[in-house]
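Report on one structure; see the data block that follows.
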Amino acid sequence: MPVHASIEPLAWESDFFGLSSAIVRVNDAAPALTAADLAAWERVQVKVPAERTDLLDALQSLGFQLVEGEVDLAMPVTQHSAPDADVATQQDIPALRALAAQAFARSRFRAPWYAPDASGRFYAQWIENAVKGTFDHQCLVFRAPSGEIKAFVSLRQLNAREARIGLLAGRGMGDKLMQAALTWAQMRKLSILRVATQLGNTAALKRYIASGANVEATAYWLYR
């Protein structure tokens, strides 16, 4: 079966990772993809709904390989008591970068598709951007009595109704982080909080479901 899709350059990722990168957008109105179309790029990504097994087979015939599964969840924003979270500041960036690099060392930006340190660098930059209010809008942190950051969550408002959790990390702090995220959304009078995680991250899935989330979609990331 042909895969009808367009190819969009990923300029930021190309610069950041040092690999000419693009993403495939499946579109039945687009021309059929060919190996020649894809050969111009060092790394091509595609995200496919899990139920589209026909697309998975067709993309693998074009040289794509499965990288990981992803689960997208959504939960209603209900009344929550505000936990003792702080808004991260510029002074917190070095510590947050180190924590994010360690917490997300194994993601879809891992070896052999990217350099061994690429995943850590990517998420370190993500959390720095969140503190600065670019991409994600804010980063909340929990501190030990000494002031050391124990856990963090970044958040982005999507529209007048919805927000999305970007990054969330902190061993044993999942419940407090979710309360902080829901309170953040509640204060903005939003009604839905979204989050995505790796299919294999059962601890995160259990935490989100325990916090009231429902699975909305599953998908697979493939690379070529």
Side-chain angles (χ1 to χ4, degrees), residues 7-25 38 40-48 64-73 87-142 149-158 163-171 173-174 177 181 194-205 207-208 217-224:
I7 302 176
E8 296 180 10
L10 294 171
W12 189 90
E13 289 188 18
S14 295
D15 291 341
F16 187 83
F17 294 119
L19 291 169
S20 59
S21 302
I23 189 165
V24 165
R25 305 287 189 191
L38 299 164
W41 306 94
E42 294 176 275
R43 184 70 62 245
V44 186
Q45 310 171 10
V46 61
K47 184 179 178 181
V48 181
F64 283 86
Q65 296 181 45
L66 177 65
V67 177
E68 72 175 30
E70 183 176 288
V71 184
D72 202 57
L73 305 100
V87 175
T89 67
Q90 298 261 356
Q91 289 70 35
D92 294 318
I93 287 175
L96 284 166
R97 284 185 62 95
L99 287 169
Q102 183 177 23
F104 303 103
R106 292 281 299 172
S107 75
R108 66 182 181 87
F109 298 110
R110 67 183 182 276
W113 305 102
Y114 295 89
D117 67 339
S119 183
R121 288 193 304 110
F122 178 84
Y123 288 100
Q125 189 61 53
W126 183 329
I127 203 64
E128 177 174 339
N129 291 351
V131 175
K132 294 177 177 177
T134 58
F135 190 57
D136 284 348
H137 293 136
Q138 205 161 64
C139 176
L140 305 178
V141 299
F142 287 96
I149 295 172
K150 298 191 298 179
F152 64 85
V153 58
S154 68
L155 295 135
R156 178 168 82 258
Q157 184 167 341
L158 302 175
R164 178 173 285 280
I165 292 172
L167 302 181
L168 182 150
R171 187 176 296 276
M173 297 287 289
L177 288 165
R194 298 187 176 277
V195 65
T197 191
Q198 293 168 309
L199 186 61
N201 192 345
T202 53
L205 283 170
R207 166 46 49 204
Y208 299 144
T218 54
Y220 294 109
W221 283 99
L222 294 89
Y223 289 167
R224 184 186 190 277

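If you're wondering where the values come from, they're calculated on a predicted model, not measured in any experiment.
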About how many Å separate [atom2] of [Y] and [atom1] of [X], when rounded to the nearest 0.5 Å?
| X | Y | atom1 | atom2 | value |
| --- | --- | --- | --- | --- |
| Y123 | S154 | OH | OG | 10.5 Å |
| H137 | L158 | NE2 | CG | 8.5 Å |
| I165 | T197 | CD1 | OG1 | 10.0 Å |

>> Set out, in order, the CA-CA distance, both residues' side-chain angles and the distance that settles side-chain contact (heavy atoms from CB on, under 4.5 Å) for E8 and L10, then state yes or no.
In response: CA-CA 6 Å; E8 296 180 10; L10 294 171; 5.9 Å; no
Would you check if [X] and [Y] make a side-chain contact, meaning some heavy-atom pair closer than 4.5 Å?
| X | Y | value |
| --- | --- | --- |
| I93 | K132 | yes |
| V131 | D92 | no |
| L19 | W113 | no |
| Q125 | R97 | yes |
| F142 | V153 | no |
| R110 | V67 | yes |
| V195 | L168 | no |
| W41 | P9 | yes |

Where is the tightest heavy-atom contact between [X] and [Y], given as atom of each residue plus distance?
| X | Y | value |
| --- | --- | --- |
| S20 | A40 | OG-O, 4.1 Å |
| Q198 | R106 | NE2-O, 3.5 Å |
| F152 | C139 | CB-SG, 4.1 Å |
| L177 | A169 | CD1-O, 3.6 Å |
| L205 | L199 | CD1-O, 3.7 Å |
| A151 | G170 | CB-CA, 3.7 Å |

>> Would L155 and D136 count as a side-chain contact (heavy atoms from CB on, under 4.5 Å) here? Give the steps.
In response: CA-CA 5 Å; L155 295 135; D136 284 348; over 6 Å; no
>> Using the rule given for side-chain contact (heavy atoms from CB on, under 4.5 Å), can you reason through R171 versus K150, listing the C-alpha separation, both sets of side-chain angles and the distance that settles it, and then say yes or no?
In response: CA-CA 8 Å; R171 187 176 296 276; K150 298 191 298 179; over 6 Å; no
> Residues two or more places apart in sequence or in another chain: which of them pass ring-ring contact (aromatic ring centres under 6.0 Å, His included) with F17?
Replying inline: F109, Y114, F122
> Side chain of T134, backbone of N129: donor and acceptor closer than 3.5 Å?
Replying inline: yes
> Hey, does the side chain of T218 reach the backbone of V71 with a donor-acceptor pair shorter than 3.5 angstrom?
Replying inline: no
>> Set out, in order, the CA-CA distance, both residues' side-chain angles and the distance that settles side-chain contact (heavy atoms from CB on, under 4.5 Å) for D72 and R164, then state yes or no.
In response: CA-CA 10 Å; D72 202 57; R164 178 173 285 280; 3.1 Å; yes
>> Heavy-atom count check: over 12 atoms from other residues, nucleotides or ligands less than 6.0 Å from E42 CD?
In response: yes
>> Testing L66, V24, L222 one by one against V48 for a side-chain contact (heavy atoms from CB on, under 4.5 Å), which residue passes?
In response: L222
>> I'd like to know if the side chain of Q45 pairs up with that of R108 as donor and acceptor (distance under 3.5 Å, no hydrogens or angles considered).
In response: yes
